[in-house]
There are 4 protein chains.
Amino acid sequence: MCPKVSSEYKTEIKERIIQSAIECFSKYGLDKTTMEGVAQKADLSKGTLYLYFKSKEELFYVICDNNLKVLKERLAQILATTKTKEDLVSNAEQFYENFHRTEKRENEKIFCEIIAESARNPKLQKMLYAQRLKTFNVVREYLDHQMEKGFFRKDTDTKAIASGFVALYDGLIASEFLGISASYSINSWRSTVRAIMAGIS
Amino acid sequence: MCPKVSSEYKTEIKERIIQSAIECFSKYGLDKTTMEGVAQKADLSKGTLYLYFKSKEELFYVICDNNLKVLKERLAQILATTKTKEDLVSNAEQFYENFHRTEKRENEKIFCEIIAESARNPKLQKMLYAQRLKTFNVVREYLDHQMEKGFFRKDTDTKAIASGFVALYDGLIASEFLGISASYSINSWRSTVRAIMAGIS
Amino acid sequence: MCPKVSSEYKTEIKERIIQSAIECFSKYGLDKTTMEGVAQKADLSKGTLYLYFKSKEELFYVICDNNLKVLKERLAQILATTKTKEDLVSNAEQFYENFHRTEKRENEKIFCEIIAESARNPKLQKMLYAQRLKTFNVVREYLDHQMEKGFFRKDTDTKAIASGFVALYDGLIASEFLGISASYSINSWRSTVRAIMAGIS
Amino acid sequence: MCPKVSSEYKTEIKERIIQSAIECFSKYGLDKTTMEGVAQKADLSKGTLYLYFKSKEELFYVICDNNLKVLKERLAQILATTKTKEDLVSNAEQFYENFHRTEKRENEKIFCEIIAESARNPKLQKMLYAQRLKTFNVVREYLDHQMEKGFFRKDTDTKAIASGFVALYDGLIASEFLGISASYSINSWRSTVRAIMAGIS
DNA sequence: CATGAATGAGACTTCATTCAT
DNA sequence: CATGAATGAAGTCTCATTCAT
């Protein structure tokens, strides 16, 4: 039906380029990343990059997309199991460190780059907007689920709280980029989340 | 006694350059902003820029510094008056919209740029780190003050909650950059803050 | 075994750049030579120059180095054969014109540029210093050799005389740059050299 | 008859500019010297320079001219007294160090700059050419005078030897710029000059 | 398919010169 | 006369992209 082998090979090369590009973009930012640099880290030639991606911009978009999807998946995964209320609280409190730990450092750094870029790139912003709504929904559904179990008051605005959680997470990640220690952020997350949970119980 | 006129004049030009640069940096980002562009918007020649700032980098730093100081001042100002617990809660809930509204759009956009840049610029990171700690402290002192009034439980970790508030704020701002509506963010802030306040009361 | 073709090709381009640069540097001097100019004369683009040389400075250094080596080699070559004392005297007297004639005009002009530049460039000065000592030595060894043959008095300070010869040569070249005619310089060389040889015989 | 005071004042300013320019040109070369730099060292403003000299180039010419005249005068002075043949030889042998010592370092460095520049500046070359001939003549007349006293053979080509001396001097100065030690150069001068004198006696 | 040499647009920065005060 | 702020031409260097091999 289709040239499998060749296709697989191409996919592998593509993946190699993407990984290299992620590293570069996170380390140097969109503008200061050079195609030469990406090529070298991927052990390819500059020309080859253009066989797989039309331009530096496109490469960046693909990565953004990739990145966002992965984030959402991982989030859904981590939120999957909660049985008792104790589970809920401890899960929530530990979420930051859990999610953070399993996350590759590069992915978070590049996220920062992505947001900055999106502020002036409508196409990118659209993409991010869609993903952000999805992220909100994943969290919201989780909260709704817990509410149904009776862990939260019925009048809780889960939509608002969900985006609050996401924002809190992002804000703490940003803090870490500024040099705030991880333990500081973790503690902040725990206390704030505990307060929120207590407030809506 | 001192060259007032000349000095004032120079200050005015400097201010013009800074305003122009802020606009450019927010709109295009650090790298895609050109000195030519900044000069044009300031109605000056490229060369003149260099009479006032050593380089594009320095111009950026000065703006970062300016920006951070202004932010902190405005924060302190807004937190100044709280008498009753009702004040406290309504102040807190309305903080986001209040702070946000008075803030110039550019200043927030550039803040985004600043964080992204700081992730790979140690000098800038240091600056931001210092400022962030100060911001935390302003909020924390405010919380401590309210705690002493008996509005919060004595065992509240105000340090952690303070950075939680700041992170929440930043995260919501980021959301807005992605296209999330202001009303959505405001609502999210209100609900989350109300929950936190309830949780620590 | 090795990428001959590519290597040869690159060498050729490099050579083309160097030749162009020599012409430019001699004609306009280090500062007034532009990379654009060098590129055009070499029928290449500006960017290409930077594929072969890191900077204008480096290009200049490479040329200095090349130039000095070539000079020394040619000198050694020309001093190779002297059998009788008549040979010696006539060789010596004709040296200036011989060396001068075979030398490309540009190479001498650039030498002037090199010395001027070296007066304020320590790195360059070091390079020149080393080469100059080598040049002195080549001449000195030649003189020592003649002394052993008994053509000169045994108490001759060949080291001092050697550098005298070199200085005389350089000084006359300089004179020519100022517009003094070649025949004037040749005559001056002949008379002075004859006098020196007579003086140390 | 003329506005003396004002004139004197102007002359003083002019002199200050020239001195400053000499220092700058010797230290940095023609191109790398900035009018700003010259102005600062002269404790004047950039604009003032242009009240006294039409352009950077003109300033350089004036200095070249000054410099050459001074050189010739000092040479004539130093050659003024020679009575016995012993005087002659010892004067000649010590000439290099004498002339060198009384010479300001800057003046020699700038001489280097002047020659390099003249290689591509016809107007300057003309100036230098004229001066060089005058220098040759001063030395030649001196030699002729000594010849008449019977210190040299009658068939000596004093014209050629004179330019030989000058060239030797210049060449040794150039050597010093390359880092060759003064004592080395002095010794070289002595030996070579002694040889020449012996050769033509 | 892969390469990497070549291109050239475009960015930052400097500085001689002018001119209003 | 003196100043120094302003200008803008010009230079160095980088890098995304193309294309012949």
Side-chain angles (χ1 to χ4, degrees), chain A residues 6 9-10 13 30-40 42-59, chain B residues 3 5-6 9-10 12-14 30-40 42-59, chain C residues 3 5-6 9-10 12-14 28 31-40 42-59, chain D residues 6 9-10 13 30-40 42-59:
Chain A
S6 164
Y9 175 70
K10 282 179 80 170
I13 297 279
L30 174 56
D31 288 292
K32 280 177 196 129
T33 290
T34 69
M35 289 303 254
E36 177 64 37
V38 174
Q40 269 182 28
D43 219 14
L44 292 166
S45 78
K46 239 185 315 175
T48 305
L49 262 50
Y50 286 87
L51 295 177
Y52 291 86
F53 299 92
K54 210 172 63 211
S55 67
K56 192 165 109 170
E57 279 239 308
E58 209 213 50
L59 180 53
Chain B
V5 180
S6 167
Y9 174 73
K10 282 181 87 167
E12 190 228 299
I13 297 282
K14 213 165 182 167
L30 173 56
D31 289 295
K32 285 189 191 109
T33 290
T34 69
M35 290 303 256
E36 176 66 37
V38 174
Q40 271 181 25
D43 217 17
L44 293 165
S45 78
K46 239 184 318 174
T48 305
L49 262 49
Y50 287 89
L51 294 177
Y52 293 85
F53 299 93
K54 214 174 54 213
S55 67
K56 189 168 128 178
E57 268 230 316
E58 207 213 53
L59 180 52
Chain C
V5 179
S6 167
Y9 174 73
K10 283 180 85 167
E12 191 227 300
I13 297 283
K14 212 164 182 170
Y28 311 114
D31 287 295
K32 284 190 192 109
T33 290
T34 70
M35 288 304 253
E36 178 65 38
V38 174
Q40 270 181 26
D43 216 17
L44 293 166
S45 77
K46 235 185 319 171
T48 304
L49 262 50
Y50 287 90
L51 294 178
Y52 292 86
F53 299 93
K54 215 172 56 213
S55 67
K56 190 168 129 178
E57 268 229 315
E58 208 214 52
L59 180 53
Chain D
S6 166
Y9 176 70
K10 282 179 81 168
I13 297 280
L30 174 54
D31 288 292
K32 282 179 194 125
T33 290
T34 69
M35 289 303 256
E36 176 64 38
V38 175
Q40 268 181 29
D43 219 15
L44 292 167
S45 77
K46 240 185 313 176
T48 306
L49 262 50
Y50 286 87
L51 296 176
Y52 292 85
F53 299 92
K54 210 174 61 210
S55 67
K56 193 165 110 170
E57 279 239 306
E58 209 214 51
L59 180 52

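None of the values given here were measured: they were computed from a predicted structure. Here is how names work: the chains are called A, B, and so on, in the same order as the sequence lines, proteins then strands, and each is numbered from 1.
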How close or far is atom P of F:dC1 from atom CD1 of D:Ile13, stated in whole angstroms?
10 Å
What residues 50-57 of chain C contributes to the DNA chain F interface at heavy-atom separation below 4.0 Å is C:Tyr50, C:Ser55, C:Lys56
So, OP1 or OP2 of E:dT7: does either fall under 4.0 Å of a side-chain N or O from C:Thr48?
yes
State the dot-bracket string of DNA chain F. Criteria: Watson-Crick or G-U wobble, both atom distances under 3.5 angstrom; notation: ( ) intrastrand, [ ] crossing earlier pairs, | interstrand, . unpaired.
.||||||||||||||||||||
For atom CG of A:Asp31 and atom P of F:dC15, their distance in whole Å
11 Å
Could you pull out all residues at least two apart from C:Gln40 that satisfy side chain to side chain donor-acceptor pair (under 3.5 Å)?
C:Glu36
With sequence neighbours left out, which residue pairs that include part of residues 46-55 of chain A fulfil the side chain to side chain donor-acceptor pair (under 3.5 Å) condition?
A:Ser45-A:Thr48
I need the CG-C1' distance between A:Leu59 and F:dA16, as an integer number of Å.
12 Å
Using a heavy-atom cut-off of 4.0 Å across all strands, would you classify C:Leu49 as base, sugar-phosphate, or nothing?
nothing
Roughly how far apart are D:Lys10 NZ and D:Leu51 CG, rounded to 0.5 Å?
8.5 Å
Once you round it to whole Å, what is the distance between C1' of E:dA16 and NZ of D:Lys32?
17 Å
E:dT7 phosphate, OP1 or OP2, under 4.0 Å from C:Ser45 side-chain N/O:
yes
For F:dG11, does the base pair up with any side-chain atom of C:Lys46 as donor and acceptor (N or O, under 3.5 Å, distance only)?
no
Under 3.5 Å, is there a donor-acceptor pair between the side chain of C:Lys14 and the main chain of C:Phe53?
no
Roughly, in whole Å, what's the span from CE in D:Met35 to P in E:dC15?
13 Å
Nearest nucleotide by nearest heavy atom, which residue falls closer to the 5' end of DNA chain F, B:Asp43 or C:Gly47?
B:Asp43
What is the distance from CD of B:Glu36 to C1' of F:dA10, rounded to the nearest Å?
14 Å
Go through the structure and list residues passing side chain to side chain contact (heavy atoms under 4.5 Å, CB included) with C:Ala39, not counting sequence neighbours.
C:Leu49
Across all chains, not counting sequence neighbours, the side chain to side chain donor-acceptor pair (under 3.5 Å) partners of A:Glu57 are none
Rounded to whole Å, the NZ-P distance (B:Lys14 to F:dA6) equals 12 Å
Sorted by chain and residue number, the salt bridge (charged side-chain N to carboxylate O under 4.0 Å, His left out) partners of A:Lys32 (sequence neighbours excluded) come out as B:Asp31, B:Glu117
